[in-house]
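Below is one structure, written out as structure tokens; comments come after it.
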Amino acid sequence: MGDPRMQLRFLPYTLALKHAFGIASNTRTSTPAMMVEVERDGIIGYGEAAMPPYLGESQATAAAFLEQTAAWLAAVDDPFQREEILPAIDALAPGNTAAKAAVDIALHDWIGKKLGAPWYRIWGLDPQKAPVTSYTIGIDTPEAVRAKTREADIYKIIKVKLGRDAATDRATIAAIRDVTDKPITVDANQGWRDRDEALRLIEWLAGRGVVFIEQPMPKELLDDTAWLRERSPLPLIADESVQRLAEVPKTRGVFDGINIKLMKCTGLREARQMIVLARALGLKVMLGCMTETSCAISAAAQLSPLVDWADLDGAVLIANDCFDGATIVDGRITLPDRPGIGVVKRESRG
Ligand code: MG
């Protein structure tokens, strides 16, 4: 008999990006992460926190929160009681959404393994309905954008980061259109500060095969965004403006949809609630990610049959993925027939 109590372990990990990745506010080559394991009854559940520095969490803040969580989890009698455990962990401290997501993912993985079923099956979802995923191209020179667009051969949709300045935005779209006529989704990452200029740019983009615009304006400019939405020929999707379930209603009349990410919303439990609420409010739903390994990506992929658009290319963009899990076949997310979140750890390469 092993220890009947649930143990939680964590290990700092640095995600190495294959290409330097530029967005409206910064460019980076790595992302700090924390890998988490929960273990009980000889079963290990895996989780992950990915923490781009501009969001305010770090390996140090995650370690402090996870120490606290480990002590709390060790006193839990019934680990199947997600609806008791996860809200209680959320209440241990404010913020820490990525660290909370790591625990949520690991607990879901453990429960699914204990039940012997993948989460898409526990939730009753059809894995054949998993959507295509976009492939993300960061802000770069036109030559690099053309090269990355060619590399994105298997993907049916290109997602591109815009928002540094109008000239770069137009040159970037033109560079993609030199290579392909695939649909493009645009993420401005709050980069457009003037609503009239934003409208002119969106009208120009609408004529170039762009499908929607993610977070066109700064997250707090909801009145300007609502003005823009009334006039925009393309749907507007909230990302930075909406982190968690309680914020979904404020998007009414401001955005046409929301981008849900496990690292923003504390994990699978709340992400699924956000999908249900968004649908009830008539919103479109996108499922996104940070740069993450196949651990967090495969967890999000379990929910993907429920959404309109997926942007789950995070594991493809890193050079040191330490898991095998959901894969991308012909541009489509493919869910493995494995229990829990569907991942296996790769052999360490030393
Ligand atoms: Mg975004």
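Counting convention: from 1, in listed order, for ligands and their atoms alike.
Of the inter-residue distances, the one linking W204 atom CH2 with I202 atom CD1 reads 13.0 Å to the nearest 0.5 angstrom.
Under the 6.0 Å cut-off for aromatic ring centres, W309 and F212 qualify, their centroids lying closer than that.
Looking at E203, R195, E197 one by one, the single match for side chain to side chain contact (heavy atoms under 4.5 Å, CB included) with L199 turns out to be E203.
Between D126 and R121, none of the side-chain N atoms (NZ, or NE/NH1/NH2) sits under 4.0 Å from a carboxylate O, so this pair counts as no salt bridge. K113 and D109 are joined by a salt bridge, as a carboxylate oxygen and a charged side-chain nitrogen come within less than 4.0 angstrom of each other.
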Candidate pair R279 and D308, rule salt bridge (charged side-chain N to carboxylate O under 4.0 Å, His left out), full reasoning
CA-CA 11 Å; R279 293 305 188 197; D308 300 296; 2.9 Å; yes
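By the criterion of a separation under 2.8 Å, the protein N/O/S atoms near the Mg ion (ligand 1) amount to D187 OD2, E214 OE2, D239 OD2.
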